[in-house]
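Working notes, beginning with the structure itself.
Counting starts at 1 for both ligands and their atoms, in listed order. As the structure is a computational prediction, the values presented were derived from the model and not from experiment.
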Amino acid sequence: MRFLCVLWVLYGSSFSAAALDREAFTITKYDLTIQLEPQQQRLGARGKITLRNDSGQPQKIVALQISSSLNWRSIRVDGKAVQFVSQPYISDIDHTGALSEAIVSLPVEVKPKDSVELEIGYEGVIAQDATRLVRVGVPEEIAKHTSWDQINPGFTAVRGAGYVAWYPITTESADFSEGNSLFEVADRWKAREAASEFNAKVTMSGDSGEDAPSMICSPGRGINDPINDRMNDRMNDRTRHARPSSTECSWARLGTITPTFAMANYRDFSKPPLYLFSLAGHEAGASTYSNALDLAMKFVSEWFGPPRAPIAIADLADPHSAPFESGTLLMVSMAAEDSKLAGINVVHELVHSALPSSRPWVYEGLAHFAEALYRQEQGGREAALDLLGLHRAAFLDSEKEVAAAQKSLGQPLASTFDETYYRSKAAYVWWMLRDMVGDDALKQAIGKYRDAGDRDKDKDQKYVERLIEAAAKRDLGWFFDDWVYRDRGLPDFRVQSVHPWTTEKGVQFITVTLENLGSAGAEVPFTILFEGGEITKRIEVRAKSTATTRVEMPGTASEIRVNDGSVPESDLTNNVFQIGAEQK
Ligand SMILES: [Zn+2]
(Lines give C-alpha, C1' and ligand atoms only; values in the text may rest on other atoms or scores of the structure.)
Protein backbone atom coordinates (compact mmCIF):
# COMPACT_ATOMS: atom_id res chain seq x y z
CA MET A 1 0.00 0.00 0.00
CA ARG A 2 2.78 2.34 0.93
CA PHE A 3 4.55 1.47 -2.31
CA LEU A 4 1.42 2.30 -4.23
CA CYS A 5 1.17 5.71 -2.61
CA VAL A 6 4.72 6.53 -3.57
CA LEU A 7 3.97 5.52 -7.12
CA TRP A 8 0.94 7.75 -7.13
CA VAL A 9 3.02 10.66 -5.94
CA LEU A 10 5.72 10.06 -8.53
CA TYR A 11 3.14 9.64 -11.23
CA GLY A 12 1.40 12.79 -10.10
CA SER A 13 4.59 14.81 -10.16
CA SER A 14 5.84 13.82 -13.56
CA PHE A 15 2.40 14.08 -15.03
CA SER A 16 1.88 17.53 -13.58
CA ALA A 17 5.25 18.82 -14.73
CA ALA A 18 4.43 17.92 -18.30
CA ALA A 19 0.87 19.08 -18.67
CA LEU A 20 -0.21 21.18 -15.76
CA ASP A 21 -0.63 24.93 -15.95
CA ARG A 22 -0.72 25.73 -12.22
CA GLU A 23 -1.67 29.36 -12.77
CA ALA A 24 -4.44 28.71 -15.30
CA PHE A 25 -7.16 29.22 -12.69
CA THR A 26 -7.78 32.32 -10.60
CA ILE A 27 -9.83 31.86 -7.44
CA THR A 28 -12.37 34.65 -7.82
CA LYS A 29 -14.42 33.93 -4.71
CA TYR A 30 -13.86 32.35 -1.32
CA ASP A 31 -16.61 31.38 1.12
CA LEU A 32 -14.97 29.55 3.99
CA THR A 33 -15.85 28.47 7.51
CA ILE A 34 -12.76 28.05 9.60
CA GLN A 35 -12.79 26.25 12.94
CA LEU A 36 -9.81 26.67 15.26
CA GLU A 37 -8.79 24.33 18.07
CA PRO A 38 -5.93 26.25 19.67
CA GLN A 39 -5.02 23.51 22.18
CA GLN A 40 -4.22 21.20 19.28
CA GLN A 41 -2.98 24.05 17.04
CA ARG A 42 -5.60 22.76 14.62
CA LEU A 43 -7.48 24.41 11.82
CA GLY A 44 -10.39 22.82 10.00
CA ALA A 45 -11.92 24.39 6.91
CA ARG A 46 -15.08 23.82 4.91
CA GLY A 47 -16.49 25.96 2.19
CA LYS A 48 -16.80 26.90 -1.44
CA ILE A 49 -14.40 28.49 -3.87
CA THR A 50 -15.02 29.70 -7.41
CA LEU A 51 -12.29 29.18 -9.97
CA ARG A 52 -12.12 31.00 -13.28
CA ASN A 53 -10.04 29.70 -16.17
CA ASP A 54 -7.83 32.65 -17.08
CA SER A 55 -5.70 30.67 -19.52
CA GLY A 56 -6.22 30.53 -23.27
CA GLN A 57 -6.98 26.77 -23.25
CA PRO A 58 -9.81 24.65 -21.88
CA GLN A 59 -8.73 23.06 -18.58
CA LYS A 60 -9.76 19.77 -17.05
CA ILE A 61 -7.15 19.62 -14.29
CA VAL A 62 -6.75 22.10 -11.47
CA ALA A 63 -3.92 22.23 -8.91
CA LEU A 64 -5.16 23.53 -5.56
CA GLN A 65 -2.61 24.27 -2.88
CA ILE A 66 -2.69 24.76 0.89
CA SER A 67 0.08 24.80 3.50
CA SER A 68 1.97 21.50 3.72
CA SER A 69 0.90 21.17 7.37
CA LEU A 70 -2.73 20.93 6.22
CA ASN A 71 -4.34 17.99 4.41
CA TRP A 72 -7.06 17.82 1.81
CA ARG A 73 -10.15 15.94 3.03
CA SER A 74 -12.73 16.39 0.31
CA ILE A 75 -13.31 18.13 -2.98
CA ARG A 76 -16.71 18.12 -4.63
CA VAL A 77 -18.25 19.59 -7.73
CA ASP A 78 -22.05 19.82 -8.04
CA GLY A 79 -22.43 17.80 -4.87
CA LYS A 80 -20.35 14.90 -6.18
CA ALA A 81 -16.91 13.94 -4.91
CA VAL A 82 -14.27 14.36 -7.61
CA GLN A 83 -11.04 12.46 -7.99
CA PHE A 84 -7.91 14.10 -6.77
CA VAL A 85 -4.35 13.17 -6.01
CA SER A 86 -2.65 14.86 -3.11
CA GLN A 87 1.08 15.50 -3.31
CA PRO A 88 3.67 17.65 -1.59
CA TYR A 89 4.81 20.56 -3.73
CA ILE A 90 7.99 22.38 -2.73
CA SER A 91 7.43 26.15 -2.63
CA ASP A 92 8.65 28.95 -0.40
CA ILE A 93 5.33 30.81 -0.71
CA ASP A 94 4.38 29.01 2.54
CA HIS A 95 6.30 29.26 5.82
CA THR A 96 6.80 25.49 5.84
CA GLY A 97 8.59 25.69 2.49
CA ALA A 98 6.03 23.35 0.90
CA LEU A 99 2.39 23.04 -0.05
CA SER A 100 -0.16 20.22 -0.02
CA GLU A 101 -1.28 20.17 -3.58
CA ALA A 102 -4.49 18.52 -4.77
CA ILE A 103 -4.42 17.66 -8.45
CA VAL A 104 -8.12 17.64 -9.21
CA SER A 105 -9.74 16.07 -12.27
CA LEU A 106 -12.80 18.15 -13.05
CA PRO A 107 -15.90 16.31 -14.34
CA VAL A 108 -15.95 18.50 -17.45
CA GLU A 109 -13.52 20.80 -19.18
CA VAL A 110 -13.72 24.45 -18.20
CA LYS A 111 -13.48 26.77 -21.18
CA PRO A 112 -11.37 29.96 -21.09
CA LYS A 113 -13.15 32.66 -18.99
CA ASP A 114 -15.63 30.11 -17.63
CA SER A 115 -15.84 29.31 -13.94
CA VAL A 116 -16.39 26.27 -11.77
CA GLU A 117 -17.43 26.09 -8.13
CA LEU A 118 -15.71 23.62 -5.81
CA GLU A 119 -16.81 22.50 -2.37
CA ILE A 120 -13.74 21.86 -0.33
CA GLY A 121 -12.64 20.54 3.06
CA TYR A 122 -9.18 20.48 4.59
CA GLU A 123 -7.60 20.40 8.02
CA GLY A 124 -4.36 20.16 9.91
CA VAL A 125 -2.13 22.12 12.25
CA ILE A 126 -0.47 25.51 11.92
CA ALA A 127 2.58 25.66 14.18
CA GLN A 128 5.35 28.23 14.09
CA ASP A 129 7.69 27.19 11.28
CA ALA A 130 10.72 28.98 9.88
CA THR A 131 11.76 26.23 7.45
CA ARG A 132 11.84 28.37 4.32
CA LEU A 133 14.18 30.90 5.94
CA VAL A 134 16.37 28.40 7.77
CA ARG A 135 16.79 26.54 4.47
CA VAL A 136 18.49 29.58 2.93
CA GLY A 137 20.80 30.04 5.91
CA VAL A 138 18.91 32.42 8.23
CA PRO A 139 19.62 31.42 11.87
CA GLU A 140 16.46 29.95 13.36
CA GLU A 141 16.30 32.43 16.24
CA ILE A 142 16.26 35.35 13.81
CA ALA A 143 13.98 33.62 11.32
CA LYS A 144 11.37 33.18 14.04
CA HIS A 145 11.00 36.94 14.46
CA THR A 146 9.82 37.05 10.85
CA SER A 147 8.00 33.73 10.73
CA TRP A 148 5.69 34.29 13.68
CA ASP A 149 2.52 32.74 12.26
CA GLN A 150 0.98 30.03 14.43
CA ILE A 151 -2.14 28.73 16.13
CA ASN A 152 -1.45 28.53 19.84
CA PRO A 153 -3.61 28.76 22.97
CA GLY A 154 -1.57 31.72 24.22
CA PHE A 155 -1.25 33.62 20.98
CA THR A 156 -2.59 32.96 17.53
CA ALA A 157 -1.76 34.97 14.44
CA VAL A 158 -1.88 33.64 10.91
CA ARG A 159 -1.23 35.67 7.79
CA GLY A 160 -2.39 34.47 4.37
CA ALA A 161 -0.73 33.67 1.04
CA GLY A 162 2.94 34.57 1.04
CA TYR A 163 3.16 33.46 4.70
CA VAL A 164 0.70 30.63 5.36
CA ALA A 165 -1.60 29.17 2.74
CA TRP A 166 -4.51 28.76 5.18
CA TYR A 167 -6.85 29.11 2.21
CA PRO A 168 -6.31 27.54 -1.20
CA ILE A 169 -4.05 29.15 -3.78
CA THR A 170 -2.95 28.24 -7.31
CA THR A 171 0.71 29.10 -7.91
CA GLU A 172 3.91 27.93 -9.53
CA SER A 173 6.71 26.98 -7.15
CA ALA A 174 8.51 29.90 -5.51
CA ASP A 175 12.11 29.68 -4.35
CA PHE A 176 13.73 31.96 -1.76
CA SER A 177 17.23 31.06 -2.90
CA GLU A 178 16.62 32.04 -6.50
CA GLY A 179 16.83 35.80 -6.61
CA ASN A 180 13.37 37.28 -6.77
CA SER A 181 11.50 34.06 -7.49
CA LEU A 182 9.48 34.06 -4.25
CA PHE A 183 8.50 37.69 -4.60
CA GLU A 184 7.64 37.31 -8.27
CA VAL A 185 5.36 34.35 -7.59
CA ALA A 186 3.75 36.03 -4.56
CA ASP A 187 3.29 39.35 -6.38
CA ARG A 188 1.82 37.60 -9.40
CA TRP A 189 -0.61 35.79 -7.09
CA LYS A 190 -1.67 39.08 -5.47
CA ALA A 191 -2.18 40.73 -8.84
CA ARG A 192 -4.33 37.81 -10.05
CA GLU A 193 -6.43 37.84 -6.88
CA ALA A 194 -6.76 41.63 -6.53
CA ALA A 195 -10.38 41.66 -7.70
CA SER A 196 -11.37 38.47 -5.84
CA GLU A 197 -14.02 38.35 -3.15
CA PHE A 198 -12.98 36.82 0.15
CA ASN A 199 -15.21 35.69 3.00
CA ALA A 200 -14.09 33.54 5.88
CA LYS A 201 -15.80 33.12 9.21
CA VAL A 202 -13.17 32.11 11.73
CA THR A 203 -14.46 30.57 14.97
CA MET A 204 -12.70 29.14 17.96
CA SER A 205 -14.24 25.97 19.25
CA GLY A 206 -15.08 25.59 22.91
CA ASP A 207 -14.51 28.66 25.03
CA SER A 208 -16.78 31.60 24.91
CA GLY A 209 -17.72 34.24 27.40
CA GLU A 210 -16.04 37.05 29.24
CA ASP A 211 -12.60 35.46 29.44
CA ALA A 212 -12.57 34.12 25.93
CA PRO A 213 -9.75 35.49 23.84
CA SER A 214 -10.54 38.28 21.42
CA MET A 215 -10.38 37.41 17.78
CA ILE A 216 -9.63 39.94 15.07
CA CYS A 217 -9.23 39.91 11.34
CA SER A 218 -8.09 42.68 9.00
CA PRO A 219 -10.90 45.20 9.27
CA GLY A 220 -12.40 45.71 5.86
CA ARG A 221 -14.47 48.50 4.49
CA GLY A 222 -18.15 47.81 4.58
CA ILE A 223 -20.88 46.53 6.78
CA ASN A 224 -19.26 43.25 7.72
CA ASP A 225 -16.55 44.97 9.60
CA PRO A 226 -15.79 42.60 12.47
CA ILE A 227 -14.33 45.19 14.78
CA ASN A 228 -17.33 47.43 14.31
CA ASP A 229 -19.56 44.53 15.17
CA ARG A 230 -17.48 43.77 18.19
CA MET A 231 -17.60 47.37 19.28
CA ASN A 232 -21.36 47.45 18.75
CA ASP A 233 -21.74 44.27 20.75
CA ARG A 234 -19.90 45.83 23.60
CA MET A 235 -21.64 49.17 23.47
CA ASN A 236 -25.19 48.09 22.79
CA ASP A 237 -25.44 44.89 24.70
CA ARG A 238 -23.57 45.17 27.93
CA THR A 239 -25.78 42.58 29.55
CA ARG A 240 -24.62 39.88 27.21
CA HIS A 241 -21.58 38.24 28.74
CA ALA A 242 -21.06 35.24 26.58
CA ARG A 243 -20.18 35.65 22.98
CA PRO A 244 -18.43 33.16 20.75
CA SER A 245 -14.84 33.89 19.86
CA SER A 246 -15.25 34.44 16.18
CA THR A 247 -14.56 36.97 13.49
CA GLU A 248 -15.53 37.55 9.88
CA CYS A 249 -12.83 38.21 7.35
CA SER A 250 -14.70 39.81 4.46
CA TRP A 251 -13.62 41.87 1.51
CA ALA A 252 -15.58 42.48 -1.66
CA ARG A 253 -12.26 43.00 -3.38
CA LEU A 254 -8.93 41.82 -1.96
CA GLY A 255 -6.60 44.39 -3.56
CA THR A 256 -3.31 44.16 -1.67
CA ILE A 257 -4.95 42.65 1.43
CA THR A 258 -3.45 39.50 2.89
CA PRO A 259 -6.29 37.88 4.88
CA THR A 260 -4.98 37.59 8.43
CA PHE A 261 -6.56 36.52 11.71
CA ALA A 262 -5.27 36.82 15.26
CA MET A 263 -6.53 35.63 18.60
CA ALA A 264 -5.20 36.38 22.07
CA ASN A 265 -6.27 37.59 25.51
CA TYR A 266 -5.96 41.12 24.31
CA ARG A 267 -6.54 44.12 26.56
CA ASP A 268 -8.86 46.43 24.72
CA PHE A 269 -7.75 50.08 24.70
CA SER A 270 -9.90 51.07 21.75
CA LYS A 271 -10.72 54.69 21.18
CA PRO A 272 -12.69 55.09 17.93
CA PRO A 273 -11.70 55.07 15.16
CA LEU A 274 -8.63 53.32 16.59
CA TYR A 275 -9.19 49.78 17.78
CA LEU A 276 -6.21 49.06 19.95
CA PHE A 277 -5.39 45.62 21.33
CA SER A 278 -2.38 44.96 23.51
CA LEU A 279 -1.07 42.03 25.49
CA ALA A 280 -0.66 42.04 29.25
CA GLY A 281 2.47 43.87 30.35
CA HIS A 282 2.55 46.07 27.24
CA GLU A 283 0.14 48.72 28.58
CA ALA A 284 2.77 51.47 28.48
CA GLY A 285 3.58 50.69 24.85
CA ALA A 286 -0.11 50.62 24.01
CA SER A 287 -0.62 54.03 25.60
CA THR A 288 1.94 55.58 23.20
CA TYR A 289 -0.55 54.62 20.48
CA SER A 290 -3.63 56.02 22.16
CA ASN A 291 -1.70 59.17 23.09
CA ALA A 292 -0.66 59.63 19.46
CA LEU A 293 -4.23 59.49 18.17
CA ASP A 294 -5.43 63.08 18.59
CA LEU A 295 -2.45 64.77 16.94
CA ALA A 296 -2.38 62.18 14.18
CA MET A 297 -6.12 62.65 13.52
CA LYS A 298 -5.71 66.39 13.22
CA PHE A 299 -2.79 66.06 10.85
CA VAL A 300 -4.37 63.37 8.65
CA SER A 301 -7.73 65.16 8.47
CA GLU A 302 -6.04 68.30 7.23
CA TRP A 303 -4.14 66.54 4.45
CA PHE A 304 -6.24 63.52 3.57
CA GLY A 305 -9.65 64.10 5.13
CA PRO A 306 -11.40 62.62 8.17
CA PRO A 307 -11.21 58.87 8.80
CA ARG A 308 -14.03 56.92 7.21
CA ALA A 309 -13.48 53.43 8.58
CA PRO A 310 -12.01 51.93 11.73
CA ILE A 311 -8.34 51.11 11.93
CA ALA A 312 -6.85 48.41 14.12
CA ILE A 313 -3.47 48.07 15.73
CA ALA A 314 -2.77 44.79 17.51
CA ASP A 315 0.13 43.59 19.59
CA LEU A 316 2.46 40.70 18.76
CA ALA A 317 3.64 38.23 21.40
CA ASP A 318 7.33 38.17 20.46
CA PRO A 319 8.79 41.64 21.18
CA HIS A 320 11.22 41.24 18.27
CA SER A 321 8.54 40.35 15.74
CA ALA A 322 8.72 42.05 12.39
CA PRO A 323 5.63 44.26 12.09
CA PHE A 324 3.02 43.40 9.49
CA GLU A 325 0.33 45.43 7.80
CA SER A 326 -2.69 44.43 5.77
CA GLY A 327 -5.25 47.04 4.80
CA THR A 328 -6.17 48.97 7.95
CA LEU A 329 -4.83 46.34 10.36
CA LEU A 330 -1.32 46.80 11.72
CA MET A 331 0.28 44.12 13.84
CA VAL A 332 3.27 45.45 15.74
CA SER A 333 4.87 44.63 19.07
CA MET A 334 3.94 47.07 21.83
CA ALA A 335 6.65 45.80 24.17
CA ALA A 336 8.66 49.00 23.77
CA GLU A 337 7.55 52.59 24.27
CA ASP A 338 8.41 54.48 21.12
CA SER A 339 6.13 57.46 20.72
CA LYS A 340 7.72 58.58 17.43
CA LEU A 341 7.07 55.19 15.88
CA ALA A 342 3.57 55.04 17.36
CA GLY A 343 2.81 58.46 15.83
CA ILE A 344 3.78 57.54 12.30
CA ASN A 345 2.11 54.13 12.57
CA VAL A 346 -1.20 55.73 13.59
CA VAL A 347 -0.85 58.33 10.83
CA HIS A 348 -0.25 55.59 8.28
CA GLU A 349 -3.39 53.64 9.19
CA LEU A 350 -5.53 56.78 9.42
CA VAL A 351 -4.52 57.71 5.87
CA HIS A 352 -5.84 54.32 4.74
CA SER A 353 -9.06 55.00 6.58
CA ALA A 354 -9.44 58.46 5.02
CA LEU A 355 -8.39 57.57 1.51
CA PRO A 356 -9.28 54.15 0.17
CA SER A 357 -7.91 53.36 -3.28
CA SER A 358 -7.69 50.26 -5.40
CA ARG A 359 -4.35 51.48 -6.73
CA PRO A 360 -1.60 50.16 -4.48
CA TRP A 361 0.85 52.98 -5.29
CA VAL A 362 -1.81 55.52 -4.25
CA TYR A 363 -3.10 53.60 -1.23
CA GLU A 364 0.23 52.63 0.32
CA GLY A 365 2.36 55.31 -1.32
CA LEU A 366 0.31 58.13 0.21
CA ALA A 367 0.36 56.46 3.65
CA HIS A 368 4.16 56.20 3.64
CA PHE A 369 4.43 59.72 2.24
CA ALA A 370 2.22 60.91 5.10
CA GLU A 371 4.60 59.36 7.63
CA ALA A 372 7.41 61.49 6.18
CA LEU A 373 5.21 64.60 6.15
CA TYR A 374 4.37 63.99 9.79
CA ARG A 375 8.05 63.60 10.64
CA GLN A 376 8.73 66.91 8.92
CA GLU A 377 6.04 68.59 10.97
CA GLN A 378 7.60 67.30 14.18
CA GLY A 379 11.30 67.21 13.42
CA GLY A 380 11.97 69.22 10.26
CA ARG A 381 12.71 68.33 6.64
CA GLU A 382 15.88 66.43 7.47
CA ALA A 383 14.00 64.09 9.81
CA ALA A 384 11.50 63.46 7.01
CA LEU A 385 14.25 62.74 4.49
CA ASP A 386 15.93 60.39 6.97
CA LEU A 387 12.70 58.42 7.19
CA LEU A 388 12.35 58.34 3.40
CA GLY A 389 16.00 57.30 3.19
CA LEU A 390 15.13 54.06 4.98
CA HIS A 391 12.98 53.20 1.97
CA ARG A 392 15.67 53.86 -0.61
CA ALA A 393 17.60 50.61 -0.22
CA ALA A 394 14.41 48.62 -0.73
CA PHE A 395 14.11 49.39 -4.41
CA LEU A 396 17.62 50.57 -5.27
CA ASP A 397 18.91 47.14 -6.30
CA SER A 398 16.01 46.26 -8.56
CA GLU A 399 16.20 49.70 -10.17
CA LYS A 400 19.91 49.12 -10.84
CA GLU A 401 19.00 45.91 -12.63
CA VAL A 402 16.49 47.82 -14.73
CA ALA A 403 19.17 50.36 -15.62
CA ALA A 404 21.69 47.63 -16.49
CA ALA A 405 19.22 45.83 -18.74
CA GLN A 406 18.42 49.13 -20.46
CA LYS A 407 14.89 48.18 -21.29
CA SER A 408 11.58 48.19 -19.59
CA LEU A 409 12.09 45.09 -17.48
CA GLY A 410 10.96 47.02 -14.48
CA GLN A 411 7.77 47.50 -12.56
CA PRO A 412 5.64 50.48 -13.50
CA LEU A 413 4.26 51.96 -10.28
CA ALA A 414 0.82 52.28 -11.81
CA SER A 415 0.40 48.50 -12.06
CA THR A 416 2.90 46.88 -9.72
CA PHE A 417 2.06 44.50 -6.87
CA ASP A 418 5.64 44.55 -5.62
CA GLU A 419 5.64 46.03 -2.11
CA THR A 420 9.04 47.65 -2.42
CA TYR A 421 7.69 49.65 -5.32
CA TYR A 422 4.18 50.50 -4.23
CA ARG A 423 5.35 51.37 -0.74
CA SER A 424 8.93 52.66 -0.89
CA LYS A 425 9.27 54.05 -4.39
CA ALA A 426 5.74 55.44 -4.29
CA ALA A 427 6.50 57.31 -1.05
CA TYR A 428 9.31 59.12 -2.84
CA VAL A 429 7.17 59.84 -5.89
CA TRP A 430 4.54 61.55 -3.73
CA TRP A 431 7.25 63.47 -1.90
CA MET A 432 8.77 64.68 -5.17
CA LEU A 433 5.34 65.70 -6.44
CA ARG A 434 4.77 67.71 -3.29
CA ASP A 435 8.16 69.42 -3.63
CA MET A 436 7.29 70.25 -7.24
CA VAL A 437 3.72 71.54 -6.88
CA GLY A 438 3.57 72.66 -3.25
CA ASP A 439 1.32 71.69 -0.34
CA ASP A 440 -1.78 73.57 -1.42
CA ALA A 441 -1.98 72.12 -4.93
CA LEU A 442 -1.28 68.61 -3.70
CA LYS A 443 -3.88 68.85 -0.92
CA GLN A 444 -6.42 70.09 -3.45
CA ALA A 445 -5.70 67.15 -5.77
CA ILE A 446 -5.88 64.64 -2.91
CA GLY A 447 -9.22 66.15 -1.83
CA LYS A 448 -10.64 65.71 -5.34
CA TYR A 449 -9.36 62.16 -5.46
CA ARG A 450 -10.96 61.40 -2.11
CA ASP A 451 -14.31 62.78 -3.18
CA ALA A 452 -14.36 61.07 -6.56
CA GLY A 453 -16.36 57.88 -7.05
CA ASP A 454 -14.45 54.63 -7.17
CA ARG A 455 -15.20 54.26 -10.83
CA ASP A 456 -13.55 57.58 -11.67
CA LYS A 457 -10.47 56.62 -9.73
CA ASP A 458 -10.18 53.18 -11.22
CA LYS A 459 -11.05 53.64 -14.85
CA ASP A 460 -8.07 55.69 -15.94
CA GLN A 461 -4.47 55.32 -14.85
CA LYS A 462 -3.84 58.99 -15.69
CA TYR A 463 -6.53 60.19 -13.28
CA VAL A 464 -4.07 61.16 -10.54
CA GLU A 465 -1.82 62.99 -12.99
CA ARG A 466 -4.73 65.05 -14.30
CA LEU A 467 -5.89 66.06 -10.82
CA ILE A 468 -2.43 67.26 -9.81
CA GLU A 469 -1.83 69.00 -13.14
CA ALA A 470 -5.14 70.83 -12.83
CA ALA A 471 -4.39 71.92 -9.26
CA ALA A 472 -0.80 72.93 -10.00
CA LYS A 473 -1.39 74.29 -13.52
CA ARG A 474 1.74 72.53 -14.64
CA ASP A 475 2.54 69.78 -17.17
CA LEU A 476 3.67 66.68 -15.31
CA GLY A 477 3.31 64.16 -18.13
CA TRP A 478 7.06 63.63 -18.39
CA PHE A 479 7.35 62.98 -14.64
CA PHE A 480 4.48 60.48 -14.54
CA ASP A 481 5.87 58.79 -17.61
CA ASP A 482 9.30 58.32 -16.05
CA TRP A 483 8.11 57.38 -12.55
CA VAL A 484 4.58 56.01 -12.64
CA TYR A 485 3.55 54.62 -16.03
CA ARG A 486 6.95 53.11 -16.74
CA ASP A 487 9.88 51.96 -14.74
CA ARG A 488 12.87 53.75 -16.15
CA GLY A 489 15.20 53.22 -13.24
CA LEU A 490 16.48 56.20 -11.25
CA PRO A 491 18.18 59.49 -12.08
CA ASP A 492 21.89 60.06 -11.47
CA PHE A 493 22.84 63.71 -11.11
CA ARG A 494 26.24 65.39 -11.34
CA VAL A 495 27.46 68.92 -11.75
CA GLN A 496 28.71 69.18 -15.31
CA SER A 497 30.11 72.70 -15.11
CA VAL A 498 30.01 75.93 -13.11
CA HIS A 499 30.94 79.43 -14.17
CA PRO A 500 31.20 82.09 -11.49
CA TRP A 501 31.14 85.63 -12.93
CA THR A 502 30.73 89.20 -11.77
CA THR A 503 28.83 92.06 -13.44
CA GLU A 504 30.36 95.48 -14.02
CA LYS A 505 28.50 96.68 -10.96
CA GLY A 506 30.15 93.97 -8.86
CA VAL A 507 27.17 91.58 -8.48
CA GLN A 508 28.30 87.95 -8.32
CA PHE A 509 26.55 85.25 -10.28
CA ILE A 510 27.14 81.60 -10.87
CA THR A 511 25.96 79.59 -13.88
CA VAL A 512 25.41 75.94 -13.02
CA THR A 513 24.89 73.10 -15.47
CA LEU A 514 23.59 69.85 -13.98
CA GLU A 515 23.62 66.59 -15.88
CA ASN A 516 21.26 63.64 -15.32
CA LEU A 517 22.99 60.42 -16.43
CA GLY A 518 19.94 58.29 -15.56
CA SER A 519 16.83 57.43 -17.56
CA ALA A 520 14.29 59.07 -15.24
CA GLY A 521 13.95 62.84 -15.04
CA ALA A 522 13.28 64.79 -11.87
CA GLU A 523 13.19 68.23 -10.37
CA VAL A 524 16.12 68.22 -7.98
CA PRO A 525 17.25 70.70 -5.31
CA PHE A 526 20.86 71.86 -5.27
CA THR A 527 22.62 73.94 -2.65
CA ILE A 528 25.42 76.43 -3.31
CA LEU A 529 27.68 77.05 -0.34
CA PHE A 530 29.42 80.37 0.04
CA GLU A 531 31.29 82.02 2.86
CA GLY A 532 28.71 82.81 5.48
CA GLY A 533 25.77 80.91 4.06
CA GLU A 534 24.09 78.78 1.44
CA ILE A 535 21.41 79.10 -1.22
CA THR A 536 19.12 76.26 -2.32
CA LYS A 537 17.41 76.23 -5.71
CA ARG A 538 15.47 73.63 -7.65
CA ILE A 539 15.94 72.63 -11.26
CA GLU A 540 14.21 70.19 -13.59
CA VAL A 541 16.69 67.86 -15.30
CA ARG A 542 15.14 65.42 -17.71
CA ALA A 543 16.52 61.92 -18.34
CA LYS A 544 19.89 61.77 -20.12
CA SER A 545 19.92 65.57 -20.33
CA THR A 546 21.49 68.66 -18.91
CA ALA A 547 19.89 71.80 -17.52
CA THR A 548 21.49 75.16 -16.86
CA THR A 549 20.51 77.94 -14.50
CA ARG A 550 21.97 81.19 -13.20
CA VAL A 551 22.00 82.09 -9.53
CA GLU A 552 22.83 85.44 -7.96
CA MET A 553 25.30 85.01 -5.10
CA PRO A 554 25.81 87.16 -1.99
CA GLY A 555 29.39 85.85 -1.73
CA THR A 556 31.95 83.68 -3.50
CA ALA A 557 30.62 80.18 -4.09
CA SER A 558 32.79 77.34 -2.85
CA GLU A 559 30.79 74.14 -3.26
CA ILE A 560 27.65 72.76 -4.87
CA ARG A 561 25.69 69.85 -3.42
CA VAL A 562 23.07 68.27 -5.65
CA ASN A 563 20.04 66.52 -4.13
CA ASP A 564 19.22 66.73 -0.45
CA GLY A 565 17.99 63.13 -0.52
CA SER A 566 14.46 63.94 -1.64
CA VAL A 567 15.01 62.41 -5.10
CA PRO A 568 16.00 58.74 -5.09
CA GLU A 569 19.17 58.44 -7.10
CA SER A 570 21.22 55.46 -8.26
CA ASP A 571 24.60 57.03 -7.42
CA LEU A 572 25.09 59.59 -4.66
CA THR A 573 28.91 59.62 -4.81
CA ASN A 574 29.11 62.21 -7.59
CA ASN A 575 26.84 64.86 -6.08
CA VAL A 576 29.32 67.24 -4.46
CA PHE A 577 31.34 69.66 -6.56
CA GLN A 578 34.18 71.80 -5.17
CA ILE A 579 34.28 75.04 -7.10
CA GLY A 580 37.77 76.07 -6.06
CA ALA A 581 39.21 72.70 -7.01
CA GLU A 582 37.70 72.96 -10.49
CA GLN A 583 39.23 76.33 -11.20
CA LYS A 584 42.81 75.37 -10.30
ZN1 LIG B 1 -0.36 50.72 4.64
Side-chain angles (χ1 to χ4, degrees), residues 157 159-163 183 186-187 190-191 193-194 198 216-221 225 227 249 251 253-260 262 273-277 289 292-293 296-297 299-301 303-316 321-334 340-375 384 387-388 390-391 394-395 413-414 416-431 446 449-450 457 464:
R159 296 168 286 185
Y163 301 90
F183 302 104
D187 295 346
K190 272 203 165 169
E193 297 281 299
F198 191 96
I216 53 175
C217 195
S218 304
R221 296 182 253 147
D225 182 66
I227 290 171
C249 311
W251 295 272
R253 196 183 172 284
L254 272 180
T256 55
I257 300 258
T258 300
T260 297
L274 168 63
Y275 295 81
L276 184 61
F277 302 101
Y289 281 88
L293 185 62
M297 286 268 279
F299 167 79
V300 171
S301 298
W303 264 92
F304 305 92
R308 300 205 270 197
I311 61 170
I313 301 180
D315 205 354
L316 287 166
S321 294
F324 168 74
E325 189 208 24
S326 174
T328 48
L329 170 71
L330 174 68
M331 302 202 66
V332 61
S333 169
M334 295 175 194
K340 258 189 210 168
L341 181 66
I344 58 174
N345 280 343
V346 173
V347 162
H348 184 114
E349 301 311 316
L350 285 173
V351 173
H352 287 332
S353 167
L355 206 84
S357 171
S358 64
R359 298 200 176 274
W361 81 275
V362 176
Y363 186 69
E364 288 298 346
L366 275 177
H368 286 282
F369 161 69
E371 290 184 28
L373 271 179
Y374 195 58
R375 287 294 298 128
L387 180 64
L388 276 180
L390 301 176
H391 283 282
F395 61 97
L413 262 196
T416 187
F417 272 80
D418 180 327
E419 280 196 87
T420 59
Y421 280 74
Y422 71 66
R423 290 180 186 273
S424 299
K425 187 178 179 180
Y428 270 106
V429 166
W430 285 105
W431 187 273
I446 289 171
Y449 186 88
R450 185 186 60 232
K457 288 186 236 184
V464 171

- [ ] Would you mind counting protein N, O or S atoms that sit less than 2.8 Å from the Zn ion (ligand 1)?
- [x] 6
- [ ] Would you check if there is a donor-acceptor pair between the side chains of Asp418 and Thr420 at a distance under 3.5 Å?
- [x] yes
Open item on the list: Pairing donors with acceptors under 3.5 angstrom, does anything connect the side chains of Thr258 and Lys190?
Closed with: yes
TODO: Kindly assign one of parallel, tilted or perpendicular to the pair Tyr421 and Phe395, based on the angle between their ring planes and the thresholds 30° and 60°.
DONE: tilted
Open item on the list: For the residue pair Ser357 / Tyr449, report whether a side-chain donor-acceptor contact shorter than 3.5 Å exists.
Closed with: yes
- [ ] Report yes or no: is the cationic atom of Arg159 (NZ for Lys, CZ for Arg) closer than 6.0 Å to the six-membered ring centre of Phe324, at no more than 45° off its axis?
- [x] yes
Open item on the list: Tell me whether Arg423 is salt-bridged to Glu325, with the criterion being a basic N under 4.0 Å from an acidic carboxylate O.
Closed with: yes
